[in-house]
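To find a chain, count down the sequence lines: A is the first, B the second, and so on, and within it residues start at 1.
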Number of protein chains: 2
Amino acid sequence: MSKNTHISQLITRLARLSASETWGGDLNPAQVSALSYLSRANRFSRSPSHVAEYLGTTRGTMSQTLKSLVGKGYVAEVSSETDRRSISYDLTPEGVRLAARRGVLDDAVGSVPERERAILHGALSDALRSLVAKNGGRSFGICSTCRHHQRKGRTPYCGLLDLVLKPEEALQICREQTS
Amino acid sequence: MSKNTHISQLITRLARLSASETWGGDLNPAQVSALSYLSRANRFSRSPSHVAEYLGTTRGTMSQTLKSLVGKGYVAEVSSETDRRSISYDLTPEGVRLAARRGVLDDAVGSVPERERAILHGALSDALRSLVAKNGGRSFGICSTCRHHQRKGRTPYCGLLDLVLKPEEALQICREQTS
DNA sequence: TTGCAATAGTTTCGACTCGCTACTATTTTT
DNA sequence: AAAAATAGTAGCGAGTCGAAACTATTGCAA
């Protein structure tokens, strides 16, 4: 029984215990995860495929989850102008409000001493990168940490998509992010 | 969007991504969690109630999960001598073998630099303790870290149950553990 | 350009999870 | 001895999930 196993079990147990939280009463864990991701993803990364890949599920399953979030009024479908197959799911004001809620797991993490929290974040990021790499997926990192991230004067700029970005977008999750 | 939220999302995402692992082909995530717990719990902590409390689910749900593990040959029912309502689920040799398997999440944790791993473990333990405390539950800690843990010469001894323990039991999970 | 392959999303089906409630059996309390 | 508490199980219904089939759109290549 290795130390690594203990840590894995801590991670899955934390996730499992916090999964019983219903978030305002009408959201299940899958929906919470999806909503939470959407609240942090940039405008190029909010399709069913992207959320599915991020959370390690299938497009079909995620399609159901997102439709149910639409029904509850937390997200809205926005069809793409450039690719008519593609849909972006954007948060409604209610969705934004709900996503800003602190969950029990957030509070629990808050009880970790300040100094250790940065290390915790880094260590979990390392583990995630390794896990994702083995499965051949993308890590979906923060835009500003990307090798394509540049600046034109004061405004951020994406060298991959050749696009000027809004300042807040540099801090969002992007599916194309590469270290 | 606080740093705590980022960390929570890392935790749930790691758990979710690793949940798709089937562990030899015929175990689902709930069963993996239960088996994994049983492999680390001492003989006083292996009943359906205990596993349910540890994993934050109900007795009814856990009863099903454990029955299905029995059907697959990984655990066996052992009825208690002292309390005829009570059942302990012990691992079969196949169960032991399967529980010893390293999962993708274990490997991912292994990629975290050695120095940070101890801090990761401590930080996650802190978070878990805080989460459990808020829900009024038990943390199910390691026997040897318990306030009732004593030694009679060389052998460990439990002051709460007034029992001599086998050496390996001191390192197992106990539902009565109190810091 | 036309046809074929790839991609995005949805739908449907079956297996399964999960919480809830009701129930039996046993133990503990009063 | 009766009542209350506890351990475990069974069955129901809502919902998750993955797989496969399907539609629509886009990309590619002959």
With the sugar-phosphate defined as primed atoms, P, OP1 and OP2, and the base as all remaining atoms, what B/S/- string results for nucleotides 3-16 of chain C, 5' to 3', for protein heavy atoms under 4.0 Å? ---BBBBBBB---S
Specify the separation, in whole Å, of atom CZ of B:F44 and atom P of D:dA7. 16 Å
If the cut-off is 4.0 Å, is B:R84 near the phosphate of D:dT6, judged by side-chain N/O to OP1 or OP2? no
Verify whether one side chain among A:Q172 and A:R40 offers a donor that lies under 3.5 Å from an acceptor in the other. no
In a table with atom names and distances, give each donor-acceptor pair under 3.5 Å that connects a side chain of residues 148-155 of chain A to protein atoms at least two apart or in another chain.
| residue | atom | partner | partner atom | Å |
| --- | --- | --- | --- | --- |
| A:R151 | NH1 | A:R154 | O | 3.0 |
| A:T155 | OG1 | A:K152 | O | 3.3 |

Flag side-chain contact, heavy atom, 4.5 Å: B:Q31 against B:K72: yes
side-chain N/O B:T58 vs C:dC20 OP1/OP2, d < 4.0 Å: no
With sugar-phosphate meaning primed atoms plus P, OP1 and OP2, does B:S68 contact a base, only sugar-phosphate, or nothing at under 4.0 Å between heavy atoms? nothing
Side chains of A:D126 and B:S111, donor plus acceptor under 3.5 Å: no
Just by distance, with hydrogens left out, do B:T61 and B:T58 show a side-chain donor and acceptor under 3.5 Å apart? yes
Can you measure B:L55 atom CG to C:dC18 atom C1' for me and round it to whole angstrom units? 13 Å
Summary of side chain to side chain donor-acceptor pair (under 3.5 Å) pairs that have at least one residue in residues 83-98 of chain B, sequence neighbours excluded: B:R46-B:D90, B:E77-B:Y89, B:D83-B:R85, B:S88-B:D90
